[in-house]
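So the structure is just underneath, and the comments pick up after that.
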Amino acid sequence: MTSHCLECHKEIAWLVDRNRGFHAGSAIRSQKCSDCHPDHAGREFNLIKWPTGDLKTFDHASTGWPLDGGHVKPACADCHKVKYRAGPAAKLSARQGADVGWVGLERDCVTCHEDVHHGNLGVTCTKCHVTTSWKTINKSQFDHDKTKYPLRGKHAQVPCEKCHDFSKGKVGSNPPFAKCTDCHKDDHAGTATLAGRVVDCASCHTVDGWRPSTYTVALHRSAKYALEGKHEQVKCEECHVKHPPNVPPAQLGTAGVQMRPAFAQCTDCHADDHGGQLVRRTDKGACNACHTVKGFKPSTYTVAMHATLRLKLEGRHAEIECKACHGPQRPGLPALPSAQVLGHAGVALTLKEIDCASCHVDPHKGRFSAGPRVKAKGCLACHDLRTFRPSTADIAAHAQFGFELEGAHRATPCAACHREIQAVVGKRSSLVEGGGGIPVMRFEAKHGCADCHETPHGRQFATRKDGGKCDACHGVDTFSPATSFDHTRDASFSTKGAHEHVPCNQCHPRDPQGKTPNLLIYKPVSGKCESCHAKESK
């Protein structure tokens, strides 16, 4: 009879052919239809003999679909209603219009539940939901990439209900997402602007997290203050500080970050490391007058710029490092005031020392800085700024020292008269605290001939009125001949006539007892003719 049953109950045959439903189970297939369904016995006869004897204890898993989650609680009639029995099997059944029926239900969720997504997410609800509750999302199955807003970064960790309202009547609502502020509050209170317009969060942040900001140095160049030099390496938070003093919190937003710090002057961010030494300048000591954003060192203050100050840098001064004079370590020079006076940099920019003696030892012990020998140019009267030696004092300058250099004196080395120049010294420094080693050079040489030259005449002329001065007979070009001596004028014996051409040593013999080699006897010498011509007269 089984085959005859299936000829009428086409819905059962359709399910069995497709291995679906209770009758497709192997245990049921091996039985006859009459084992569970007695023959017809009127309209009120209960044709179904439930395996467990009661509908309420029927094992729904035997149909191939175990009931779990939210499907366990509803009564059988709640699901097996006419409106839900819309599958092909129901259309084949002869029992049309019955309130309750056991075939025709499909496993697709949308056959019983309203699709709030309108098919945009497919028909397999279990990829997003579980049977225990619609509000519980099956995160292991749900693919948010199929939506218009794929979840990336931190968004992938956000609970669904943070964005989707699962309250009654709003299940699966789609929140706006065109702008970050559709979900997120502007934590900068409208201060995050570009070109004067408030920008969306995505201009500076990514979904991976608020930090670090994606606002790059290159992007910063489009702002009112382009980042260059060392500023390119500065961390954002060092300028855009959180909760700066004297700024109302309401102006900063919940982030508390100052997005628009002052930048008109360097001191808006940087302290005056020079302790206000330059505030009297016309630029009030602006940092960019001497520094660039590439770094504080080296200073851009040039030798040419220094020429506008009280001390023009020339010669050796143009070559030494700035710190040699301006500190904070100044080897060989007096210590500078404390950093409390000079500022954090410890550099003295307004030095009072501009004269040579403030930095350099005076080897002349003040001989040329005061009194009758003072020079208008000071040290520069005899020295240049390249080196102390050799001195720049030339023959013309020597005339101003009370002794004009003439004749052979012009070719005489300075050290021949000024013996202190010959002093041998070791390591020396000309700086006032450089350890000394600079010999004293007072240049107090005497002017008399005998002070430098030994007389070859002994004391032969000591009785003369002039005391035997050398220049009475000799010039400064050479000792011999005695160009200033006139025998007729200056001696008691006239050499006019033939005597004019007689060599001196024919009348003035050498003194064999003299201490000086080749000493000629000038006095006493007889002026009588026979003293020289006695032999000739015989």
Side-chain angles (χ1 to χ4, degrees), residues 217-218 220-241 244-245 258 260-360 379-380 384-387 429-434:
V217 171
H220 212 293
R221 293 194 182 103
S222 63
K224 290 184 179 179
Y225 189 77
L227 297 182
E228 300 175 306
K230 290 288 186 179
H231 289 160
E232 294 182 351
Q233 304 170 21
V234 177
K235 295 181 179 179
C236 305
E237 57 267 25
E238 292 190 25
C239 295
H240 300 281
V241 298
Q258 187 175 29
R260 292 288 177 269
F263 60 86
Q265 302 175 3
C266 300
T267 50
D268 288 334
C269 294
H270 301 278
D272 180 4
D273 283 353
H274 297 306
Q277 298 181 67
L278 304 177
V279 293
R280 295 184 179 180
R281 286 175 41 143
T282 55
D283 60 5
K284 304 300 181 182
C287 304
N288 56 10
C290 305
H291 306 280
T292 69
V293 292
K294 293 180 180 179
F296 285 109
K297 295 180 180 181
S299 168
T300 59
Y301 202 77
T302 62
V303 172
M305 295 168 69
H306 209 288
T308 63
L309 306 179
R310 294 183 300 161
L311 180 64
K312 184 178 181 180
L313 297 182
E314 299 176 297
R316 183 74 179 95
H317 289 158
E319 300 172 356
I320 60 176
E321 294 183 284
C322 304
K323 64 181 180 182
C325 296
H326 295 281
Q329 282 77 39
R330 307 194 304 168
L333 295 178
L336 294 175
S338 65
Q340 188 174 8
V341 176
L342 301 177
H344 179 71
V347 175
L349 298 176
T350 55
L351 296 176
K352 296 180 179 179
E353 311 113 324
I354 59 172
D355 60 301
C356 302
S358 297
C359 298
H360 299 281
C379 301
L380 296 179
D384 61 21
L385 296 172
R386 171 58 57 183
T387 181
S429 171
S430 68
L431 299 177
V432 291
E433 296 186 3

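The shown structure was predicted, so the numbers you read here are calculated from the model rather than taken from an experiment.
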Quiz item: Does Ser429 have any side-chain hydrogen bond (donor to acceptor under 3.5 Å, both in side chains) partners at least two apart in sequence or in another chain, and if so, which?
Solution: none
Self-check item: For Asp283, all residues meeting side-chain hydrogen bond (donor to acceptor under 3.5 Å, both in side chains), sequence neighbours excluded
Solution: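 Listed in chain order: Arg281.
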State the [atom1]-[atom2] distance between [X] and [Y], to the nearest 0.5 angstrom.
| X | Y | atom1 | atom2 | value |
| --- | --- | --- | --- | --- |
| His317 | Leu311 | NE2 | CG | 7.0 Å |
| Leu351 | Ser358 | CG | OG | 10.0 Å |
| Lys284 | Leu278 | NZ | CG | 12.0 Å |
| Leu227 | Gln233 | CG | CD | 11.0 Å |
| Tyr301 | Leu349 | OH | CG | 9.5 Å |
| Glu232 | His220 | CD | NE2 | 11.0 Å |

Between the main-chain N or O of [Y] and the side-chain N or O of [X], is there a donor-acceptor pair closer than 3.5 Å?
| X | Y | value |
| --- | --- | --- |
| Gln277 | Ala348 | no |
| Arg316 | Leu385 | no |
| Thr267 | Asp272 | no |

Practice problem: In sequence, state the C-alpha distance, the side-chain angles, and the governing distance for Thr300 and Asn288, and then conclude on side chain to side chain contact (heavy atoms under 4.5 Å, CB included). | Solution: CA-CA 9 Å; Thr300 59; Asn288 56 10; over 6 Å; no
Partners meeting ring pair (Phe, Tyr, Trp, His ring centres under 6.0 Å) with [X] (sequence neighbours left out):
| X | answer |
| --- | --- |
| Phe263 | Tyr225 |
| His291 | Phe296 |
| His326 | none |

So which heavy atom on [X] is nearest to which on [Y], and how close?
| X | Y | answer |
| --- | --- | --- |
| Leu336 | Leu342 | CB-CD1, 3.8 Å |
| Val432 | Pro334 | CG2-CD, 3.7 Å |
| Asp268 | Ala262 | CB-O, 3.5 Å |

Exercise. Taking atom NE2 of His344 as the centre, report whether more than 12 heavy atoms of other residues, nucleotides or ligands fall under 6.0 Å from it.
Key: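 Atom NE2 in His344 is not crowded, with 12 or fewer foreign heavy atoms closer than 6.0 Å.
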Exercise. Answer yes or no: does atom CD of Gln329 have more than 12 heavy-atom neighbours from other residues, nucleotides or ligands under 6.0 Å?
Key: no
Practice problem: Given side chain to side chain contact (heavy atoms under 4.5 Å, CB included), test Glu238 with His231 step by step and report yes or no. | Solution: CA-CA 10 Å; Glu238 292 190 25; His231 289 160; over 6 Å; no
Self-check item: Pairing residues for Thr302 by the side-chain contact (heavy atoms from CB on, under 4.5 Å) criterion, not counting sequence neighbours
Solution: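 In terms of side-chain contact (heavy atoms from CB on, under 4.5 Å), with neighbours along the sequence ignored, Thr302 is linked to Ala304, Met305.
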Self-check item: Ile320 side chain near Cys325 side chain, heavy-atom distance below 4.5 Å
Solution: yes
